[in-house]
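Comments concern the structure below.
Quick note: residue numbers are just sequence positions, from 1.
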Amino acid sequence: MTSRSDRRTPSGGPFASARIARAIAIAIALATFALAPAQAAAKLPAPPKLSGASGAVFEASTGTPLYGVDAGERRLIASTTKIMTALVAVDELSLREVCAASGYRPSPIETQIGLQPGERMRVSDLLRALLLPSANDAAEALAVCASGSRGAFIDAMNAKARALGLTDTHFATPVGLDSAGNYSTAADLARMGIALRRNRFLARTVDLRAFSLTSGAVPRTVVNRNGLVQSVSWVDGVKTGHTNAAGYLLVASATRRGVTYVAAVTGTPSESARDADALALLRWAFATHAFETPVRSQQVFARARLKYRPEDEIDLIATRTVRELTRRDARVAVAVRAPEELQGPLPQNAVVGTLTVRIAGRVVATVPLVTATAVPEVGLFERAGDAIARPGSLIAIVVVIGGAAALLLLRRRHGTRRSRRRADMEAA
């Protein structure tokens with residue numbers, strides 16, 4: 001999988017209007033600034049080998065896929081189904097709303113919190129029971145409360161999957177028990193995990209080690225079954241799953257220095273293998289990728305002289321920030337296309353150049369370069385003064401003035417001779 005590109009182009013450029021085109025008197029200067037990767041000299045680790053059937057890892061803020069092993073293979077997903085159950089529930093219900101438990105009676109081997117038919121519990125507590133110990137009775141209570149029936153809620157789950165672009169995902173249950181119609185892929189599970197993390201309450205919930213539920217008929221303490229949240233400080237979610245047919249699954253998220261990655265693994269042979277696979281994907285993502293900010297909004301990238309006022313300069317600045325996820329060994333370069341001289345009048349933020357950002361040779365952004373301040377119009381006397389100040393101008397002026405004086409003297413002499421001739425003729 002490869003990272004996405006930002007290929008936005010500016011609405012204008014240095015020759016976008018005739019007015020600005022006339023203002024640029026000198027050829028466009030090209031300059032390239034290369035930003036050396038922080039770890040370019042070090043060889044980056046190879047992607048991990050997984051023990052499970054499939055896996056994928058994504059960057060969370062951009063949704064960029066970084067690596068996958070059979071990441072598009074449809075598989076049974078067990079209780080990772082409950083990620084979508086939670087997403088639909090928070091769409092339909094208020095966290096403070098109180099739901100009555102349905103008549104669902106889980107089998108003894110199913111995970112549950114022991115809700116009694118008709119028992120009332122807040123939606124916030126039902127969601128914690130759903131996501132931490134993976135309680136099936138909480139899932140059923142939320143489904144019926146949100147949509148009126150189990151079937152209507154399943155329809156809402158599939159509609160949500162389509163809205164999120166999960167083209168290889170389908171639901172047949174809000175619980176996750178094995179069903180041929182209940183499947184997803186490692187890539188889609190990672191995308192579901194990213195969607196869950198965008199809800200503040202759900203993101204805080206999946207990062208809990210345990211929680212005390214107080215809104216039911218009796219107090220209950222629930223414990224997060226995600227062993228990585230329990231043991232690794234920078235792992236902060238998301239959801240486990242297991243059935244005999246599906247194997248062990250985990251959607252895991254981790255955050256360091258403001259960057260979050262989400263990994264999903266399916267079909268692993270044990271809890272320890274599941275945790276090891278997910279952790280290996282997360283560690284690899286942090287070791288090999290980082291965000292680069294080669295361009296910042298309002299950053300000065302060039303200066304142009306003011307025509308007829310060569311001692312004055314106008315700062316040329318970027319109009320927006322470019323922040324891109326890159327491999328740590330990728331070469332980042334910014335090419336600057338800007339005039340050396342400007343002639344006013346031009347307003348502040350007039351587009352006079354461009355910045356082209358390349359990562360590993362690929363163009364990822366094109367940013368307009370604009371004037372930081374207005375460019376004033378230069379008066380006639382300043383233009384004349386500039387002309388005089390140019391090399392050779394004074395000599396040319398002396399030559400012109402001298403030539404004019406000589407011509408005037410010749411005309412006067414010629415006129416004097418003609419006057420004398422007339423006088424002589426009249427005297428004769």
Side-chain angles (χ1 to χ4, degrees), residues 1-8 31-52 54-72 186-187 189-191 193-194 197-198 203 228 231-238 250-265 275-297 299 301 318 320-336 355-367:
M1 297 182 178
T2 57
S3 55
R4 296 176 182 172
S5 301
D6 181 359
R7 298 185 181 273
R8 283 177 269 183
T32 301
F33 300 94
L35 307 178
Q39 298 182 4
K43 185 177 180 181
L44 299 183
K49 294 182 179 180
L50 305 180
S51 64
S54 65
V57 60
F58 284 61
E59 194 281 319
S61 67
T62 61
T64 301
L66 305 181
Y67 175 68
V69 175
D70 293 329
L189 285 174
R191 295 185 180 102
I194 291 171
R197 288 187 51 81
R198 289 174 181 156
L228 294 183
S231 60
V232 181
S233 61
W234 41 272
V235 174
D236 49 15
V238 173
L250 177 60
V251 180
S253 64
T255 304
R256 286 178 172 175
R257 296 180 291 277
V259 179
T260 299
Y261 295 105
V262 175
V265 294
D275 293 352
D277 279 0
L279 197 57
L281 287 170
L282 294 170
R283 283 177 169 156
W284 174 84
F286 281 113
T288 57
H289 290 75
F291 277 97
E292 293 281 356
T293 310
V295 176
R296 295 184 184 275
S297 179
Q299 182 179 354
F301 275 88
R320 65 179 179 88
T321 296
V322 176
R323 183 174 182 263
E324 290 287 326
L325 183 70
T326 72
R327 278 182 60 90
R328 292 182 181 272
D329 57 358
R331 178 182 173 84
V332 181
V334 180
V336 181
L355 303 173
T356 302
V357 182
R358 288 180 173 85
I359 297 178
R362 177 175 55 89
V363 175
V364 298
T366 304
V367 180

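Shown here are the side-chain hydrogen bond (donor to acceptor under 3.5 Å, both in side chains) partners of T288, two or more places apart in sequence or in another chain: there are none. Take A263 and apply the side-chain contact (heavy atoms from CB on, under 4.5 Å) test, not counting sequence neighbours, and it matches V57, L281, L282. In terms of the ring pair (Phe, Tyr, Trp, His ring centres under 6.0 Å) criterion, F291 has no residue partners (sequence neighbours excluded). Taking the side-chain hydrogen bond (donor to acceptor under 3.5 Å, both in side chains) definition, one finds that T356 meets it with nothing, sequence neighbours left out. Not counting sequence neighbours, the partners of D236 by the side-chain hydrogen bond (donor to acceptor under 3.5 Å, both in side chains) test are R197, S253, T255. Applying the side-chain hydrogen bond (donor to acceptor under 3.5 Å, both in side chains) criterion to S61, with sequence neighbours excluded, gives E59.
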Check the pair L228 / L250 against side-chain contact (heavy atoms from CB on, under 4.5 Å), numbers first and verdict last.
CA-CA 10 Å; L228 294 183; L250 177 60; 3.8 Å; yes
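Closest approach of G68 and A71 over heavy atoms only: CA-CB, 4.1 Å. The heavy-atom pair separating A264 from A186 by the smallest distance is CB-O, 3.4 Å. Residues V367 and A318 approach most closely at CG1-CB, 4.2 Å, considering heavy atoms. Across every non-hydrogen atom of W284 and P45, the tightest pair is NE1-O, 3.2 Å. For R198 against A60, the heavy-atom pair with the smallest separation is NH2-O, 3.7 Å. Contact detail for A190 and F58: the closest heavy-atom pair is CB-CD1, 3.6 Å.
Side-chain N or O atoms of R328 include one that pairs as donor or acceptor with a backbone N or O of F286 at under 3.5 Å. When atom types are taken as modelled, the side chain of D277 and the backbone of S51 share a donor-acceptor pair closer than 3.5 angstrom.
Side-chain contact between V322 and V334 is absent, with no heavy-atom pair separated by less than 4.5 Å. Under the 4.5 Å side-chain criterion, counting only non-hydrogen atoms from C-beta, L44 is in contact with R327.
I359 contributes atom CD1, which lies 12.5 Å from atom CZ of R331 (distance to the nearest 0.5 angstrom). How far CZ of R283 is from CZ of R256: 7.5 Å, rounded to the nearest 0.5 Å. Here the CD1-OG1 distance, from I194 to T62, works out to 7.5 Å after rounding to the nearest 0.5 Å.
Residue-environment remark: CZ (R296) stays at or below the threshold of 12 foreign heavy atoms within 6.0 Å.
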